[in-house]
Amino acid sequence: MAPSRGAQPNHRGPVHVVRYAKGSAKYVLSGGQDRTVRLWNPDSGAEIKVFEAHGYEVLSISVSHDNAKSVFVWDVATGVTNLHAVEFNTDASVLASGSYDATVRLWDIRSQGRAPIQVLEEARDAVQALCVDSTTIIAGSVDGYVRTYDLRKGELRADFNPSPPSLQSADATTLLVATLDSHVRLFDTATGKLLNDFTGHSHASYRCRASFGHEEATVVCGDEDGRVWGWDLVDAGHTSSRILLQRSTIKVITWTEHHPSEAGEMLTASADGTVKVWRNS
């Protein structure tokens, strides 16, 4: 794969998150230590708009299914600070937030009120990763647990990880968790059973997000040596692991995200302040 041409977003400092817009994924949103969210064109690299209202560095971005809602502005009156994760539900009527105060808060986007409609307080340390669908909320906490809330049944399942989960992503049936012991683990969403374990990369200190590759046939994750690794989803052995990308400057790859439909395209964000679009040459 080769990086695309064109200017990069003008972030000052590490970039923590980069997301494709929904639908045709014609646009990209990135957020970083400079407290900005930047909307840009991945083909030309042209920056379209900058959102600068955040009081803290931007650690998470969620885009609604119709692209109508992309950035949630937190008012100081809510008392919620140092947010680590935000995610819309399926129809973007509710937003979940995970924060430093060890809570998951649910917000009614249609309401004019500033109070959460529900607060989940089971975590014992900061909540820094969320996955949300129409009936389920999955929250990863620094206390080492991944908690699955089944809102329809009113049930909670807590699965312990040997190391605090860094970031996670989920499809309909599986959950992908990157942990600070240089492992990416694949779990069954319904039962919590470990399905596979991916290793070989270096991940011990920083946020590094793992993601599914094209058609969920592979797993992709950046590491702290500036490399992006790929594994076959079914065969996690060392024979299937390979270094997909090697950066010229050794900086942490904080985020990887595969294009939702194009087999040969993915995004990376790095602690060196850059976002790159990679395409098969």
- Task: Mind running salt bridge (Lys or Arg N to Asp or Glu O under 4.0 Å) on Arg185 and Asp181 for me, showing each step along the way?
- Result: CA-CA 11 Å; Arg185 295 177 173 89; Asp181 56 358; 3.1 Å; yes
- Taking the side chain from Glu47 and the backbone from Arg38, do they hold a donor-acceptor pair closer than 3.5 Å?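 Side chain of Glu47 to backbone of Arg38, a donor-acceptor pair under 3.5 Å: no, none is there.
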- Task: Return each pair, listed once, that meets salt bridge (charged side-chain N to carboxylate O under 4.0 Å, His left out) where at least one residue sits in residues 149-166; pairs must be two or more places apart or across chains.
- Result: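 Found Arg157-Asp159.
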- salt bridge (charged side-chain N to carboxylate O under 4.0 Å, His left out): which pairs involve residues 52-62, sequence neighbours left out? none
To the nearest 0.5 Å, tell me how far [X] [atom1] sits from [Y] [atom2].
X: His16; Y: Trp255; atom1: NE2; atom2: CH2; value: 11.5 Å
X: His203; Y: Cys221; atom1: NE2; atom2: SG; value: 6.5 Å
X: Thr189; Y: Phe187; atom1: OG1; atom2: CZ; value: 10.5 Å
X: Leu130; Y: Ser62; atom1: CG; atom2: OG; value: 9.5 Å
X: Ile253; Y: Trp229; atom1: CD1; atom2: CH2; value: 13.5 Å

Residues two or more places apart in sequence or in another chain: which of them pass salt bridge (charged side-chain N to carboxylate O under 4.0 Å, His left out) with [X]?
X: Glu257; result: Arg19, Arg209
X: Arg12; result: none
X: Asp188; result: none

- Message: Which residues pass the ring-ring contact (aromatic ring centres under 6.0 Å, His included) test with Tyr145, not counting sequence neighbours?
- Response: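 So Tyr145 forms a ring-ring contact (aromatic ring centres under 6.0 Å, His included) with Phe160.
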- Message: Going by ring-ring contact (aromatic ring centres under 6.0 Å, His included), name the residues that satisfy it together with His183, two or more places apart in sequence or in a different chain.
- Response: none
Please tabulate, for side-chain N and O atoms in residues 116-125, each donor-acceptor pair with protein atoms closer than 3.5 Å (sequence neighbours left out).
| unit_1 | atom_1 | unit_2 | atom_2 | d |
| --- | --- | --- | --- | --- |
| Glu122 | OE1 | Tyr149 | OH | 2.8 |
| Arg124 | NH1 | Glu121 | O | 3.3 |
| Arg124 | NH1 | Glu122 | O | 2.9 |

- Query: Can a salt bridge be assigned to the pair Arg105 and Asp101 using a cut-off of 4.0 Å between side-chain N and carboxylate O?
  - Reply: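 So Arg105 pairs with Asp101 through a salt bridge.
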Of the non-hydrogen atoms in [X] and [Y], which two are nearest, and what is the gap between them?
X: His84; Y: Val127; value: CB-O, 3.3 Å
X: Asp225; Y: Ser202; value: OD2-CB, 3.4 Å
X: Leu83; Y: Ser99; value: CD2-CB, 3.6 Å
X: Leu29; Y: Phe51; value: CD2-CE1, 4.3 Å
X: Leu175; Y: Cys131; value: CD1-SG, 4.3 Å

For [X], give me all partners under side-chain hydrogen bond (donor to acceptor under 3.5 Å, both in side chains), at least two apart in sequence or on another chain.
X: Asn161; result: none
X: Thr174; result: Asp171
X: Arg147; result: Asp143

- Pairwise ring-ring contact (aromatic ring centres under 6.0 Å, His included) hits with a residue in residues 113-133, at least two apart: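 The answer is none; no pair qualifies.
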- Taking the six-membered ring where the residue is Trp, are the ring centres of Tyr20 and His259 under 6.0 Å apart?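 Yes, the ring of Tyr20 comes within the 6.0 Å limit of the ring of His259, centre to centre.
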- Task: Name the orientation class of the two ring planes belonging to Trp231 and His201 (parallel below 30°, tilted from 30 to 60°, perpendicular beyond 60°).
- Result: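 Perpendicular, since the angle between the ring planes exceeds 60°.
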